[in-house]
Amino acid sequence: MFKRWQQHKRWRRYKHETTTAPGSSTLSRVTVASGVQANTTHVANVLASDDLVRRELPQAVVPCSLLYIDNLVEEGSVYDFIISPLTSYQPQKREKVTSEQFIARVEVSSIERHTHMDKVIEALLTGQVVLFLEGSFHAYTLAVAGGKKRNVEEPASQLVIHGPREGFVEVLAVNTALIRAKVRHPDVRVKKMTVGKVTRTKIAVVYMAHVVNRDVLSEVLRRLENVTANKILDSGMLGELIGERKYTPFPTIQSTERPDVAAADVSDGRVVIVVDGSPFALIAPATFISFFQAAEDYYERFDLATFIRIIRVIAFAIALGLPALYIAVTTFHQELIPTDLLISLLAQREGVPFPAFLEALLMETIFEILREAGIRMPRPIGPAVSIVGAIVIGESAVRAGLVSSAIVIVVSLTAIASFIAPYYSFGGTIRMLRFLLMVLAATAGLFGMAVFFVALLIHLCALQSMGQPYFAPIAPFDWLQQKDTLFRFPLRWSKTSLYKKLSNRAKSNR
């Protein structure tokens with residue numbers, strides 16, 4: 001009993017420490033003192049970390065002290081743009097130099113003044129330099145170039161043949177700049193927030209003021225403000241926290257690694273959420289149809305783009321239902337199979353000890369293992385191991401009489417079709433639903449499959465994303481939005497003037 005009381009006490013102490021971390025109400029009550037030594041000592045005691053760099057400048061006209069986190073700020077930039085201008089400053093007259101005159105010598109793009117220590121600590125942890133002046137009750141945060149960052153390069157998960165080769169990086173400012181570079185309109189708004197009690201992750205909500213759906217924007221901001229998690233390390237974690245409460249295997253928040261996709265969605269009235277430290281941006285609201293649309297569809301001719309979208313829908317049906325259809329037909333509905341094909345299938349299954357369901361389940365499970373192994377293995381050998389493993393295991397399983405040749409063809413075609421989804425998260429949904437559909441097909445045949453698809457359609461029609469219908473514009477049906485769903489009409493037909501949208505939305509707001 002005493003041991004459990006001690007554990008509870010330790011948990012209470014940890015919870016108190018996390019809630020009184022930098023940026024909390026306890027630290028916000030501490031104000032900046034007039035003495036440089038007192039301020040630097042307080043910051044050092046709060047952080048208590050060896051990577052906190054302290055630079056005293058007693059030889060300057062106004063004695064001051066610099067603080068920053070090692071490797072979050074470039075040492076050369078600190079010396080060139082802060083230390084050197086401050087130490088070389090010599091006023092012409094023997095008059096008292098004010099803090100504003102002294103700070104004006106700093107050659108940085110952004111200078112902010114704070115009076116509370118919570119802002120000072122937050123600025124340090126986000127890669128800024130803090131300057132304390134002797135005799136001043138203010139702390140100055142200076143934005144200086146950071147450490148090593150990944151350059152803008154082609155995205156790895158959303159490759160295109162024809163289109164821009166830029167991809168998001170892990171720096172918030174760079175990602176918002178990439179969006180602004182493609183949507184050069186004064187109505188673009190960037191609202192910055194902080195989420196995560198411990199990580200204090202910076203995020204940016206990007207939208208167009210007179211085009212965005214106000215209900216969607218309010219819902220997004222409300223959900224972001226209600227995030228109470230301790231850590232947000234990637235946009236995927238934030239997407240799960242602000243997604244729909246109702247359980248669904250379908251992703252209700254769309255993510256993209258491409259700035260052109262995010263820019264197009266911003267101009268169409270959607271809300272884009274950029275997370276610091278993540279190369280994936282979140283897009284809300286998401287619809288079922290949007291996961292079949294790729295950025296390359298708008299860079300090709302409308303007829304070719306429509307053909308590719310139809311291929312994606314066919315591949316979705318194959319990846320979801322082909323193994324289940326094989327199980328249902330071979331187990332319950334042999335009369336639907338042509339006689340010659342039925343004789344061939346029976347000849348292949350002669351000597352196979354497992355029913356069709358276990359046969360398909362075994363091969364699908366093996367392929368999922370090979371898929372995950374290929375992803376986790378080192379890049380040079382991952383694809384080779386997965387391809388060779390699939391060929392060797394499939395051939396060996398047929399020779400050993402464990403499975404038939406037909407199921408190898410079915411599983412291979414299903415695997416190829418599952419890779420055609422433009423978004424990885426949607427491909428994972430297909431993989432999960434495929435196993436459920438196989439169980440229903442093995443239990444009730446085509447009737448079980450019919451019940452599954454009816455229930456799936458009802459679920460999609462009832463699902464919402466940020467308060468908007470997930471199955472739009474099919475349910476509810478909208479004629480005007482059919483120009484860019486399964487069929488992509490020519491741009492000169494489907495395009496609506498942005499300024500017409502702005503004027504109509506401005507009139508409605510009045």
Side-chain angles (χ1 to χ4, degrees), residues 154-155 157-167 178-188 206-213 216 254-272 281 283-318 417 419-423 426-427 460 465 468-508:
E154 186 175 1
S157 62
Q158 295 178 338
L159 301 176
V160 295
I161 298 176
H162 183 197
R165 304 293 179 179
E166 296 175 330
L178 289 173
I179 298 177
R180 276 197 175 275
K182 295 185 179 298
V183 187
R184 302 182 181 93
H185 198 277
D187 280 323
V188 175
V206 186
Y207 60 94
M208 289 195 71
H210 292 91
V211 180
V212 68
N213 189 322
V216 173
Q254 190 175 351
S255 64
T256 182
E257 202 178 0
R258 302 186 58 86
D260 55 335
V261 174
D265 287 322
V266 168
S267 62
D268 288 340
R270 288 184 175 181
V271 179
V272 174
I283 302 172
T287 61
F288 180 79
I289 296 298
S290 63
F291 290 98
F292 292 93
Q293 301 171 348
E296 197 173 6
D297 297 347
Y298 304 94
Y299 308 141
E300 301 288 352
R301 300 190 318 272
F302 72 95
D303 50 355
L304 179 59
T306 301
F307 173 74
I308 294 175
R309 287 185 179 179
I310 295 175
I311 293 296
R312 291 195 190 110
V313 174
I314 296 174
F316 167 74
I318 292 175
F419 285 112
I420 204 170
Y423 297 91
F426 195 76
L460 289 174
S465 175
Q468 303 301 309
Y470 189 74
F471 212 48
I474 300 177
F477 189 80
D478 188 350
W479 272 109
L480 296 179
Q481 296 186 24
Q482 300 302 317
K483 295 179 289 185
D484 189 19
T485 52
L486 179 59
F487 301 96
R488 187 180 81 74
F489 283 40
L491 293 178
R492 61 180 179 272
W493 294 0
S494 60
K495 175 176 67 172
T496 303
S497 174
L498 176 62
Y499 293 98
K500 185 177 180 180
K501 282 185 179 181
L502 292 175
S503 60
N504 292 339
R505 189 64 59 90
K507 291 178 181 178
S508 63

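Residue numbers start at 1 and run along the sequence shown.
- Relative ring orientation between Phe288 and Phe471 is described as tilted, the plane-to-plane angle lying within the 30° to 60° band.
- The shortest distance between side-chain heavy atoms of Phe489 and Thr306 does not fall below 4.5 Å.
- Residues that satisfy the ring pair (Phe, Tyr, Trp, His ring centres under 6.0 Å) test with Tyr298, not counting sequence neighbours, are absent from this structure.
- Annotation: side chain of Val211 is not in contact with side chain of His185 (no heavy-atom distance under 4.5 Å).
- Note that OG1 of Thr287 and CD of Gln293 are 6.5 Å apart. Values are rounded to the nearest 0.5 Å.
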Under the salt bridge (Lys or Arg N to Asp or Glu O under 4.0 Å) criterion, do Asp265 and Arg258 qualify, and how do the steps go?
-> CA-CA 11 Å; Asp265 287 322; Arg258 302 186 58 86; over 6 Å; no
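- Across Ala294 and Pro422, no two heavy atoms sit closer than the pair CB-CB, 4.2 Å.
- Taking every heavy atom of both residues into account, Val216 and Ala284 meet most closely at CG1-O, 4.2 Å.
- The shortest non-hydrogen separation linking Glu257 to Pro259 is O-CD, 3.7 Å.
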Residue pair Ile310, Phe487: steps toward the side-chain contact (heavy atoms from CB on, under 4.5 Å) verdict = CA-CA 8 Å; Ile310 295 175; Phe487 301 96; 4.0 Å; yes
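- Taking CZ of Phe316 as the reference point, atom CD1 of Ile311 lies at 15.5 Å (rounded to 0.5 Å).
- Contact check for Glu296 versus Leu304: no side-chain heavy atoms found under the 4.5 Å cut-off.
- Within a 6.0 Å radius of CZ in Phe307, no more than 12 heavy atoms belonging to other residues, nucleotides or ligands are found.
- Using a 4.5 Å heavy-atom threshold, the side chains of Tyr423 and Ser290 count as separate.
- Contact check for Leu159 versus Glu154: side-chain heavy atoms found under the 4.5 Å cut-off.
- Taking every heavy atom of both residues into account, Val272 and Ala262 meet most closely at CG2-O, 3.7 Å.
- Pro469 and Ala475 make their closest contact through CB-O, 3.9 Å (heavy atoms, listed as atom of the first residue, atom of the second, distance).
- Not one N or O on the side chain of Arg270 forms a donor-acceptor pair closer than 3.5 Å with the backbone of Ile283.
- Within the 4.5 Å cutoff, the side chain of Val206 has no heavy atoms near those of the Arg180 side chain.
- To the nearest 0.5 angstrom, Ile179 atom CD1 is 13.5 Å from Tyr207 atom OH.
- Scanning both residues, Pro285 and Ser465, for their nearest heavy atoms gives CB-O, 3.3 Å.
- Between the OG atom of Ser267 and the NZ atom of Lys182 there is a distance of 12.0 Å, given to the nearest 0.5 Å.
- Between Ile474 and Thr485, every side-chain heavy-atom pair lies at or beyond the 4.5 Å cut-off.
- In this structure, the side chain of Gln254 does not engage the main chain of Ala286 through any donor-acceptor pair within 3.5 Å.
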